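Because the structure is a prediction, the values reported are computed rather than measured.
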Amino acid sequence: MYSHSLLKPDGRQMTLYSRCPISEAIIATSPSKEPVRANPHLRWHPLRGEWVAYASHRQGRTFLPPPEYNPLAPSRNPDFPTELPVGKYDVAVFQNRFPSMVTTANNPPDCIVETLPANGACEVVVFTQDARASLSSLTVEHLDLILQVWSDRTEVLGKNPQIQYVLPFENKGVEVGVTLHHPHGQIYAYPFIPPVPAQMLEQQQRYYQEHKRGLLADLIEKEIADNQRIIYEDEDAIAFVPVCARYPYEVWVAPKQAVATFSDLSLEQRWGIAKALKTVTLKYDGLWNRPFPYLMSWFQAPTDGLAHPEAHLHAQFYPPYRTSDRLKYLAGTELAAGMFANDALPEEKAKELQAVNVNLRMPVSA
């Protein structure tokens, strides 16, 4: 992997990544030369015992622009500069213009509850320069590079003592609130371990202390033995509809052997996960022969400098559809009670995805 760091005209950092050397003559661009002056803050929710971020400047962020004004396309019109420069590279990462957290946040307002500066980081990861692409249409080699990018960004962001947890994710489709169609994801780096990863880590720690084995690794062994919900499997990686799926078409992707972070993956594990990612996204798109929306989140160990033998890097896909024409809305029992109710058995949905034939080497038209 090759990388090249740039400074945008508005002062934000950008890093380009490629499988080939990157020209140092590439000039960074930005939709505006005005510096980002965000100062978000956190407020404590006393009943839930968690922090809520407030970033009112995000109200003005870009919302579903027409293709000719795509801010994530390479900047070819000098009258309409975009986030991406022209040049030969595969992936671009830059600081979000509309962040929910920034490392420079300070002086939070006084409230009747505790407040803190939202000292974190928000980055945009543009997966490819091709606006018509998706993870399913990218080559396995390109997906392998994206995994390396997530690894590098975790290391870079995690070196900041303010950062405790790094979460890469992708929102795909208007059904999950996407405001830009160009294939991209985001990385949020938090000054604390967020509630959902914290709860999963607590369960993993408790299991590891009791059994001296990893919770997810044992679950994967049981899924393989049961052999009902597996979507992809090779020697190093697996993708499956979990037996405890909360969403009808939920899929998890993981290395079979536990590793704590992206940086801990072997070359073989990373390649296996790249193939698993392509298989899952191809099956999603092939299920109803149309682009399939989802939220993909990657869970890994905290960046607190401690050993986390209990942690097991993995992705969880949360698709919003329960049938081809019906969305699964989060309603009373999910949002108010925190208990999901799934209208379909994981085994049934796994069979639907298993029946979709895919070819990892076949080019996919956008």
Which pair of heavy atoms, one from [X] and one from [Y], lies closest together, and at what distance?
X	Y	answer
P255	L313	CD-O, 3.2 Å
Y247	P319	CD2-O, 3.5 Å
R97	V36	O-CG1, 3.7 Å
V140	L360	CG2-O, 4.3 Å
L135	M296	CD1-CE, 3.9 Å
F240	I230	CB-CA, 4.0 Å

Mind listing the side-chain donor-acceptor pairs of residues 194-206 below 3.5 Å, one per line with the distance, residues two or more places apart or on another chain?
from : atom 1 : to   : atom 2 : distance (Å)
E202 : OE2    : R206 : NH2    : 2.9
Q205 : NE2    : E310 : OE2    : 3.4

Is there a path of hydrophobic side-chain contacts, each under 4.5 Å between heavy atoms of I/L/V/M/F/W/Y residues, joining [Y] to [X]?
X	Y	result
W298	F192	no
Y165	I163	no
Y207	L219	no
L265	V125	yes
F262	V280	yes

Quick one: salt bridge (charged side-chain N to carboxylate O under 4.0 Å, His left out) partners of [X], sequence neighbours excluded?
X	value
E175	none
R246	none
R326	none

| Taking it one step at a time, do H41 and L116 satisfy side-chain contact (heavy atoms from CB on, under 4.5 Å)? | CA-CA 6 Å; H41 69 277; L116 286 175; over 6 Å; no

| field | From CA spacing to verdict: side-chain contact (heavy atoms from CB on, under 4.5 Å), F94, L84 | value | CA-CA 9 Å; F94 55 86; L84 264 60; 3.9 Å; yes

Less than 4.5 Å apart, side chain to side chain, heavy atoms only: is that true for [X] and [Y]?
X	Y	answer
T154	Q300	yes
E123	R153	yes
R270	L267	yes
Y89	Q129	yes
D236	W271	no
Q186	N96	yes
L277	I146	no

| request: Classify the angle between the aromatic ring planes of W150 and F127 as parallel (below 30°), tilted (30 to 60°) or perpendicular (above 60°). | output: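 Aromatic pair W150/F127 classed perpendicular.
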
| task | Evaluate the ring planes of F317 and Y284, with Trp represented by its six-membered ring, and classify them as parallel (under 30°), tilted (30 to 60°) or perpendicular (over 60°). | result |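 Perpendicular: the ring planes of F317 and Y284 meet at over 60°.
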
Taking the side chain from [X] and the backbone from [Y], do they hold a donor-acceptor pair closer than 3.5 Å?
X	Y	result
H182	L180	no
D218	L215	no
E223	V243	yes
T82	A73	yes
D226	Q228	no
S136	L282	no

Output side-chain donor-acceptor pairs under 3.5 Å for residues 333-351, partner residues at least two apart or in another chain, one line each.
from : atom 1 : to   : atom 2 : distance (Å)
T333 : OG1    : M339 : O      : 2.9
E334 : OE1    : A331 : N      : 3.0
E334 : OE2    : K328 : NZ     : 3.2
E334 : OE2    : A341 : N      : 3.4
N342 : OD1    : A344 : N      : 3.1
N342 : ND2    : A245 : O      : 3.1
E347 : OE2    : R229 : NH1    : 2.7
K349 : NZ     : Y249 : OH     : 3.0
K349 : NZ     : R322 : O      : 3.3
K349 : NZ     : E352 : OE2    : 3.2

[atom1]-[atom2] distance between [X] and [Y], expressed to the nearest 0.5 angstrom:
X	Y	atom1	atom2	result
L42	T115	CG	OG1	8.5 Å
Y294	F169	OH	CZ	13.0 Å
I22	D90	CD1	CG	8.0 Å

| Does one side chain, of Q148 or D144, offer a donor that lies under 3.5 Å from an acceptor on the other? |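 Q148 vs D144: donor-acceptor pair found between side chains.
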
| query | Any side-chain donor-acceptor pair under 3.5 Å between H314 and Q316? | reply |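 Distance-only check passes for H314 and Q316.
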
Enumerate donor-acceptor pairs with a distance under 3.5 Å from any side-chain N or O in residues 99-109 to protein atoms, sequence neighbours excluded.
from : atom 1 : to   : atom 2 : distance (Å)
S100 : OG     : R58  : NE     : 3.4
S100 : OG     : Y188 : OH     : 3.4
N106 : ND2    : T104 : O      : 3.0

| Between R19 and E141, is there a side-chain N and carboxylate O pair less than 4.0 Å apart? |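 Judged by the 4.0 Å cut-off on N to carboxylate O distance, R19 and E141 do not form a salt bridge.
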
| message | For a salt bridge (charged side-chain N to carboxylate O under 4.0 Å, His left out) check, start with the C-alpha distance between D10 and K8, then their side-chain angles and the critical distance, and finish with the verdict. | response | CA-CA 5 Å; D10 59 9; K8 285 175 163 290; over 6 Å; no

| So, Y190 versus W51, ring centres under 6.0 angstrom or not? |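 Ring centres of W51 and Y190 not closer than 6.0 Å.
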
| said: side-chain contact (heavy atoms from CB on, under 4.5 Å) for L7 and M14? Distances and angles first, verdict last. | reply: CA-CA 6 Å; L7 187 66; M14 162 178 269; over 6 Å; no

